[in-house]
Amino acid sequence: MSDFKSDFLHVLSTRGFIHQVSEPEALDDLARTSRITAYIGYDCTAPSLHIGHLLPTMMLYWLQQTGHRPIALMGGGTTRVGDPSGKDESRKVLSSEIINENLVSIRKTFSKFLKFESDGGNAVMANNADWLNTLNYIDFLRDVGRYFSVNRMLAFDSVKLRLERQHELSFLEFNYMILQAYDFAELNKRYGCTLQMGGSDQWGNIVNGIDLGRRLNNARLFALTAPLITTASGAKMGKTAAGAVWLNADLLSPYDYWQFWRNTEDGDVVRFLKLFTILPLEEVTRLAALQGGEINEAKKVLATEATALMHGRASAEQAADTAQKTFEQGALAENLPTVEVPRAELDTGLGVLTAFVTAGLVASNGEARRQIKAGGLKINDATITDEKTTLTTGALTPQGVIKLSLGKKKHVLIKPV
RNA sequence: GGGGGAGUGUCCCGAGUGGCAAAGGGGGCGGACUGUAAAUCCGCUGGCUAAGCCUUCGUAGGUUCGAGUCCUACCUCCCCCA
């Protein structure tokens, strides 16, 4: 598979991005001899992209880096329908207002990876609401619907699984793949887009678009999917206690983002370095040679590089520095997440339970009590044994803060104001 | 339209004879061991002003000292017949 001649496919292939490609030779030729335009569609179901979106987005990055033109397609229209792929449950129907807010919020992420025209690049940001919202039903059925065979649609995994497991699949969702296919054909017409990329679960939807493009525009279109990323121990990636690993800094701080990558399993480090950083492969190979505890060095590189890509080099270095002080020197790092508390509350004595809840380390007083019993809570690195303990100004460190810890990894500073 | 079945700790799957804050998993969190890893072992996994109180088994009523469990109506899903 790595005998691709075009830079684009060569890079994707050697870094481990490729799961399936339709007509690999033809696409390779096209990418070698011309500038291709490719797109990836994004849902607007949440106010931020998360780790799961990072892999496809890296493909757009490499696409542009190897001289081609990426389109980030926001699903302003399709999000109103909901993609049933890989899900048993129907999506909640989101209001147009929320979808729009999400869309605006998500847009910011792309500017980190892609150069748009405003930055002197050629990347395009499109929104399928532009053409989907104004579709006329009868016209659409006659022009597009005629090319879709229900027999065939029923055979697609996204549909088949629902039917087999006897889960509801509404007609609304059933139409999702038609709309996505239409997106591809429309982007081909508007921008000369000839390639759609996505996660492996998108294969069926993409192939539908290829067929429709041929029928509507007589165009030759291609599909390229990325593998579904699971961790070495088989868990789906991107879930933590706090929920999804968000890409927006206001939902997940650069420090926490760094920590996420730092805690990568051994078996994943090399793969992740290739996928989620832009380090040269020679460098990755060098890091791959590390054994045993030395792998931690590779993990730090992974964390810093991945964070730098997302939040900038400065934030990444700061996160690395904070982690180094906290974990390796046992020192108090001032850049740990900080929660401000009125000084008056410390004067009168703040209950530990309340303090940990306020800091966001535990969800309720009850959980705080349980954690104390289990020996999981610490004040300034001293394990709490009595839930009646109170925090006073006496607990302030020379730096004027109090360090609260949950377990070994989660720390929050309390700062009086 | 007729007949049959199902909805359980709001993360998921799932047991449940009228005494149930409700078995068991998975996941998650904490502890031990480590390398901020994995594996393994142990503990925890509704809320509160906590030997008590409050809220939970699709929804709303009812029977009962007491209901996830019985009755009625309704909602949603599945299967068979039309």
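Every chain is numbered from 1, with letters handed out A, B, ... down the list of sequences.
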> Between B:rG43 and B:rG24, how far is it from one P atom to the other, in whole Å?
Replying inline: 12 Å
> Is A:Lys112 atom NZ crowded by more than 12 heavy atoms from other residues, nucleotides or ligands, each under 6.0 Å away?
Replying inline: yes
> What pairs with A:Thr326 under side-chain hydrogen bond (donor to acceptor under 3.5 Å, both in side chains), at least two apart in sequence or on another chain?
Replying inline: none
> Donor-acceptor pair, A:Thr397 side chain versus A:Val401 backbone, under 3.5 Å?
Replying inline: yes
> Roughly how far apart, to the nearest Å, are B:rU10 and B:rU45 at atom P?
Replying inline: 13 Å
>> Categorize A:Lys299 for me: base, sugar-phosphate, or nothing, with a 4.0 angstrom heavy-atom threshold over every strand shown.
In response: base
> Heavy atoms under 4.0 Å, any strand shown: does A:Gln259 hit a base, just sugar-phosphate, or nothing?
Replying inline: base
> Would A:Ser253 and A:Asp256 count as a side-chain hydrogen bond (donor to acceptor under 3.5 Å, both in side chains) if you check the C-alpha gap in whole Å, the side-chain angles of each, and the deciding distance to 0.1 Å?
Replying inline: CA-CA 5 Å; A:Ser253 70; A:Asp256 287 324; 3.2 Å; yes
> Is B:rG43 paired to anything, Watson-Crick or G-U wobble with both distances less than 3.5 Å, and if yes, which nucleotide?
Replying inline: B:rC29
> Using purine N1 to pyrimidine N3 plus N6-O4 or O6-N4 for Watson-Crick, or N1-O2 and O6-N3 for G-U wobble, each under 3.5 Å, what pairs with B:rA6?
Replying inline: B:rU76
> Any side-chain N or O of A:Lys409 under 4.0 Å from OP1/OP2 of B:rG30?
Replying inline: no
> In terms of the angle between their ring planes, are A:Trp261 and A:Phe276 parallel, tilted or perpendicular, with boundaries placed at 30° and 60°?
Replying inline: tilted
Listing time: all N or O pairs from protein to nucleotides 47-50 of chain B that are below 3.5 Å?
{"residue": "B:rG47", "atom": "OP1", "partner": "A:Ser364", "partner atom": "OG", "Å": "2.9"}
{"residue": "B:rG47", "atom": "OP2", "partner": "A:Arg370", "partner atom": "NH2", "Å": "2.5"}
{"residue": "B:rC48", "atom": "OP1", "partner": "A:Asn365", "partner atom": "N", "Å": "3.1"}
{"residue": "B:rC48", "atom": "OP2", "partner": "A:Gly366", "partner atom": "N", "Å": "3.0"}
{"residue": "B:rU49", "atom": "OP2", "partner": "A:Asn365", "partner atom": "ND2", "Å": "3.1"}
{"residue": "B:rA50", "atom": "N7", "partner": "A:Arg369", "partner atom": "NH2", "Å": "3.3"}
{"residue": "B:rA50", "atom": "N6", "partner": "A:Arg369", "partner atom": "NE", "Å": "2.7"}
{"residue": "B:rA50", "atom": "N6", "partner": "A:Arg369", "partner atom": "NH2", "Å": "2.9"}
{"residue": "B:rA50", "atom": "N1", "partner": "A:Arg369", "partner atom": "NE", "Å": "3.4"}

>> Please name the nucleotide paired to B:rU49 by Watson-Crick or G-U wobble geometry with both distances under 3.5 Å, or report none.
In response: none
> According to the Watson-Crick and G-U wobble definitions, with both distances under 3.5 Å, which nucleotide is paired to B:rG1?
Replying inline: B:rC81
> What integer distance in Å separates A:Asn263:CG from B:rG28:C1'?
Replying inline: 15 Å
>> Without decimals, in angstroms, what is the distance between A:Tyr257 OH and B:rU36 P?
In response: 22 Å
> What integer number of Å spans the P atoms of B:rU72 and B:rG25?
Replying inline: 37 Å
> What nucleotide among B:rA38, B:rG35, B:rC29 has an atom nearest to a side-chain atom of A:Lys410?
Replying inline: B:rC29
Compile the donor-acceptor pairs under 3.5 Å between side chains in residues 358-367 of chain A and protein atoms, sequence neighbours left out, one pair per line.
{"residue": "A:Thr358", "atom": "OG1", "partner": "A:Thr354", "partner atom": "O", "Å": "2.6"}
{"residue": "A:Ser364", "atom": "OG", "partner": "A:Gly366", "partner atom": "N", "Å": "3.4"}
{"residue": "A:Ser364", "atom": "OG", "partner": "A:Glu367", "partner atom": "N", "Å": "3.2"}
{"residue": "A:Glu367", "atom": "OE1", "partner": "A:Ala363", "partner atom": "N", "Å": "3.0"}

> B:rG31 P sits how many Å from A:Leu377 CG, rounded?
Replying inline: 9 Å
> Looking only at atom P, what distance separates B:rG58 and B:rA15, rounded to whole Å?
Replying inline: 14 Å
>> Work out how far the C1' atom of B:rG3 is from that of B:rA22, and round it to whole angstrom.
In response: 33 Å
>> Closest-nucleotide mapping onto RNA chain B: is A:Gln371 or A:Phe327 further toward the 5' terminus? I mean the 5' end.
In response: A:Gln371
>> Rounded to whole Å, how long is the line connecting atom CD1 of A:Ile384 with atom P of B:rG30?
In response: 14 Å
>> What's A:Thr326 touching, base or sugar-phosphate or nothing? Going by heavy atoms closer than 4.0 Å.
In response: nothing
>> Using the P atom as the point on both nucleotides, what is the distance between B:rG4 and B:rC74, in whole Å?
In response: 15 Å
> So, is A:Lys408 near the phosphate of B:rA32, with a side-chain N or O under 4.0 Å from OP1 or OP2?
Replying inline: yes
> Quick one: A:Glu328 CD to B:rU36 P, roughly how many Å, whole number?
Replying inline: 8 Å
>> What is the separation between atom CZ on A:Arg271 and atom P on B:rA38, rounded to the nearest whole Å?
In response: 15 Å
> Would you call B:rC20 syn or anti, using the 90° rule around 0?
Replying inline: syn
> In the strands shown, is B:rU36 matched to any nucleotide by a Watson-Crick or G-U wobble pair with both distances under 3.5 Å, and which?
Replying inline: none
> Roughly how far apart, to the nearest Å, are B:rG28 and B:rC79 at atom C1'?
Replying inline: 36 Å
> Rounded to whole angstroms, how far apart are CG on A:Leu406 and P on B:rC29?
Replying inline: 9 Å
> Which is it for A:Lys325 and A:Asp321 under the salt bridge (charged side-chain N to carboxylate O under 4.0 Å, His left out) test, yes or no, and what are the steps along the way?
Replying inline: CA-CA 6 Å; A:Lys325 280 186 188 150; A:Asp321 181 60; 3.5 Å; yes
>> Only pairs with both distances under 3.5 Å count, Watson-Crick or wobble alike; so what is the partner of B:rG19 in this structure?
In response: B:rC65
> So, A:Asn380 side chain and A:Lys403 main chain: donor-acceptor pair closer than 3.5 Å or not?
Replying inline: yes
>> Expressed as a whole number of angstroms, how long is the span from A:Trp261:CH2 to B:rA37:C1'?
In response: 15 Å
> Watson-Crick or G-U wobble partner for B:rU56, using a 3.5 Å limit on both distances?
Replying inline: none
> With a 4.5 Å limit on heavy-atom distance, are the side chains of A:Gln399 and A:Glu334 in contact?
Replying inline: yes
> Rounding to the closest angstrom, what is the interatomic distance between B:rC41 and B:rU76 at atom P?
Replying inline: 47 Å
> When you check the gap from the basic side-chain N to the acidic O, do A:Arg271 and A:Asp268 get nearer than 4.0 Å?
Replying inline: yes
